[in-house]
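See below for the structure under consideration.
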2 protein chains.
Amino acid sequence: MNALIIAAHGSRREASNEEIRQLAAALRSQGGDRFDLIAHAFLEIAEPSIPDAIGVAVEAGAQDVVVLPYFLSAGRHVASDIPDEIALAQRRHPGVRMRVTPYLGSAPEIAELVLSLTGVSDRT
Amino acid sequence: MNALIIAAHGSRREASNEEIRQLAAALRSQGGDRFDLIAHAFLEIAEPSIPDAIGVAVEAGAQDVVVLPYFLSAGRHVASDIPDEIALAQRRHPGVRMRVTPYLGSAPEIAELVLSLTGVSDRT
């Protein structure tokens, strides 16, 4: 059994955190065949934390956990903080395979996505 | 003549700001046929500011300026700060058409992009 954890920064604005929850829900309907469990986690401010979300997935039976940093740039959070959180979870669950994907902003498709948005709105 | 301005937050990490410059460069090669001018701007910390970047585009001849908020969630920056910056630029250049697109994170393709990244890396 495998799991995907979307790891976002976390915000004091509840609406921003809700966007992440909704993304996880959208992924569950779109990517449900590739992952048995899809969840969200927050690095700061909001909950669950990344180790806690991984823990829940492991409790549910996950033996292969993929963490996706939902960040646009490769700052300290992506370079150090998220790997540190995953390392913490790895120590708690040494038998579980844990991986981290490239961060969202590194996807080459971002440029195409930007261009697609330029045709969407038209408010002055 | 039209222009696209990618409006990012701006970071104290120069490497993060450089990612935005590189995105604008990538867009110039991919979207050069849709926009006569593609530039970047920062809301805070780094330069150029959004009004300054719009000003440069207008000086270059742009009569139609599209600003894309390069943000993942609809926080205060997207809801208020970027519109305020555009309004400032609009007062400086009343004859120029200025529009703002939906913010990056609102694109429905984000979920698909996330799933595509889960197959990319494999480091433990």
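In what follows, chains carry the letters A, B, and so on, assigned in the order in which the sequence lines appear, proteins first and then strands, with residues in each chain numbered from 1. No experiment lies behind these values; they were computed from the predicted model shown. Side chains are part of it too, since the values below use all heavy atoms of this structure and drop only hydrogens, waters and symmetry mates.
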Side-chain (R34(A)) to main-chain (T118(B)) donor-acceptor, under 3.5 angstrom | no
If one checks every heavy atom of A15(B) against chain A at 4.5 Å, the contacting part turns out to be neither
Give, as side chain, backbone, both or neither, the part of L68(A) having an atom under 4.5 angstrom from any heavy atom of chain B.
-> side chain
Taking every heavy-atom pair that is under 4.5 Å apart, which of E109(B), E112(B), H9(B) has the most such pairs with chain A?
-> E109(B)
Which answer fits R76(B), side chain, backbone, both or neither, if we ask what part of it has an atom under 4.5 Å from a heavy atom of chain A?
-> backbone
Give, as side chain, backbone, both or neither, the part of F71(B) having an atom under 4.5 angstrom from any heavy atom of chain A.
-> backbone
Considering all heavy atoms, the nearest E19(A)-L72(B) contact | OE1-O, 3.9 Å
Measure distances from L4(B) to the heavy atoms of chain A and classify the residue's part below 4.5 Å as side chain, backbone, both or neither.
-> side chain
Name the member of A24(A), A74(A), A8(A) that forms the most heavy-atom pairs with chain B at distances under 4.5 Å.
-> A74(A)
Measuring from I110(A):CD1 to Y70(B):OH, what's the distance to the nearest 0.5 Å?
-> 4.5 Å
Report yes or no: does Q30(A) contribute a side-chain atom to a donor-acceptor pair with the main-chain N or O of A111(B) at less than 3.5 Å?
-> no
Return the option, out of G105(B), S106(B), G75(B), with the maximum number of heavy-atom pairs under 4.5 Å with chain A.
-> G75(B)
Just wondering, more than 12 heavy atoms not from E14(A) lying within 6.0 Å of its CD?
-> yes
Do you know the tightest heavy-atom contact between P102(A) and L117(B)?
-> O-CD1, 3.9 Å
Would V114(A) and T101(B) count as a side-chain contact (heavy atoms from CB on, under 4.5 Å) if you check the C-alpha gap in whole Å, the side-chain angles of each, and the deciding distance to 0.1 Å?
-> CA-CA 10 Å; V114(A) 163; T101(B) 74; over 6 Å; no
Contacting moiety of I6(A), where chain B heavy atoms sit under 4.5 Å | side chain
Check whether L23(B) gets within reach of chain A through its side chain, its backbone, both or neither, counting any heavy atom under 4.5 Å.
-> side chain
Transitive ILVMFWY side-chain link V96(B) to V56(B), under 4.5 Å | no
Pick one of side chain, backbone, both or neither for Y103(A), based on which atoms fall under 4.5 Å of a heavy atom in chain B.
-> both
Joint cluster assignment, I5(B) & L43(B), ILVMFWY side-chain distance < 4.5 Å = yes
Give the cluster check for L37(A) versus I20(A): same hydrophobic cluster or not, with ILVMFWY residues linked at side-chain heavy-atom distances below 4.5 Å.
-> no
